[in-house]
Amino acid sequence: MIKPDGVAAKVVGKVLDRFEKEGFDLVAMKLVPPDLSRIEAFYSVHKGKPFYEGLLKFMTEGPSVAVVWEADDAISRTRAIIGATNSKEAAPGTLRNLYGTDNRRNLVHASDSPESAEKEIALLFRKEELARSPVKV
Ligand code: CMP
């Protein structure tokens, strides 16, 4: 997910370009309005943590772009592409290093396991919105 800071900074295209250049296949994509109850559900695992309220405020600043990508080893490769959670600590050349700001305003969210991917995709997309590109037979 490209967070509100990435949409506001107009770097959505740069993020998508990076994943396309890495060979990821696009499965689904949409601009998501900042709906508090959906964001609360999305980040329910962090409820009660010190950064939770600030995270909700940030994520409701504006729309996000939700994207589903498919690739071999997608989760570990995505983590390498985006860099550490704290943009200030993200390795040079990673997306968060290039376009993120700090621990909270960190440009993108990526699922950290197949299970969280399944839950997060279900919160953002209806089944019929998921395509396979290129179509796999
Ligand atoms: P994300 O990978 O989407 O997962 C949870 C989000 O909470 C994280 O990116 C940041 O946006 C935010 N976050 C995590 N840790 C902190 C922190 N220590 N301070 C502020 N925000 C944080």
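Position 1 is the first residue of the sequence; numbering continues from there. In listed order, ligands and their atoms are each counted from 1.
- Within the structure, the closest approach of Glu120 to ligand 1 does not fall below 4.0 Å when heavy atoms are considered.
- With sequence neighbours excluded, no residue forms a side-chain hydrogen bond (donor to acceptor under 3.5 Å, both in side chains) with Glu53.
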Would you sort out whether Lys3 and Asn106 count as a side chain to side chain donor-acceptor pair (under 3.5 Å), showing the intermediate values? CA-CA 8 Å; Lys3 298 183 178 187; Asn106 62 354; 2.7 Å; yes
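- For ligand 1 and His46, the ligand atoms under 4.0 Å from any heavy atom of the residue are 4 (O), 5 (C).
- Contacts of Arg105 with ligand 1, taken as heavy-atom pairs under 4.0 Å, are absent altogether.
- Taking any N or O of Thr85, backbone or side chain, none lies under 3.5 Å from an N or O belonging to ligand 1.
- Contacts between Lys3 and ligand 1 below 4.0 angstrom, taking non-hydrogen atoms only, involve the side chain exclusively.
- Annotation: atom 3 (O) of ligand 1 to nearest protein heavy atom, Tyr43 OH, 2.6 Å.
- Ligand 1 has a nitrogen or oxygen under 3.5 angstrom from a nitrogen or oxygen of Asn106.
- Which parts of ligand 1 touch Arg96 is read off a 4.0 Å heavy-atom cut-off, strictly below it: atoms 2 (O).
- Within a 6.0 Å sphere centred on NZ of Lys14, other residues, nucleotides and ligands contribute 12 heavy atoms or fewer.
- Among all protein heavy atoms, the one lying closest to atom 20 (C) of ligand 1 is Phe51 CB, 3.5 Å.
- Contacts between Lys49 and ligand 1 below 4.0 angstrom, taking non-hydrogen atoms only, are absent altogether.
- For CD of Glu22, the number of neighbouring non-hydrogen atoms (other residues, nucleotides, ligands) closer than 6.0 Å is greater than 12.
- At the shortest separation from atom 18 (N) of ligand 1 among protein heavy atoms lies Asn103 ND2, 3.0 Å.
- At most 12 non-hydrogen atoms from other residues, nucleotides or ligands lie less than 6.0 angstrom from NZ of Lys47.
- If you chain together hydrophobic residues whose side chains sit under 4.5 Å apart, Tyr52 and Val45 never meet in one group.
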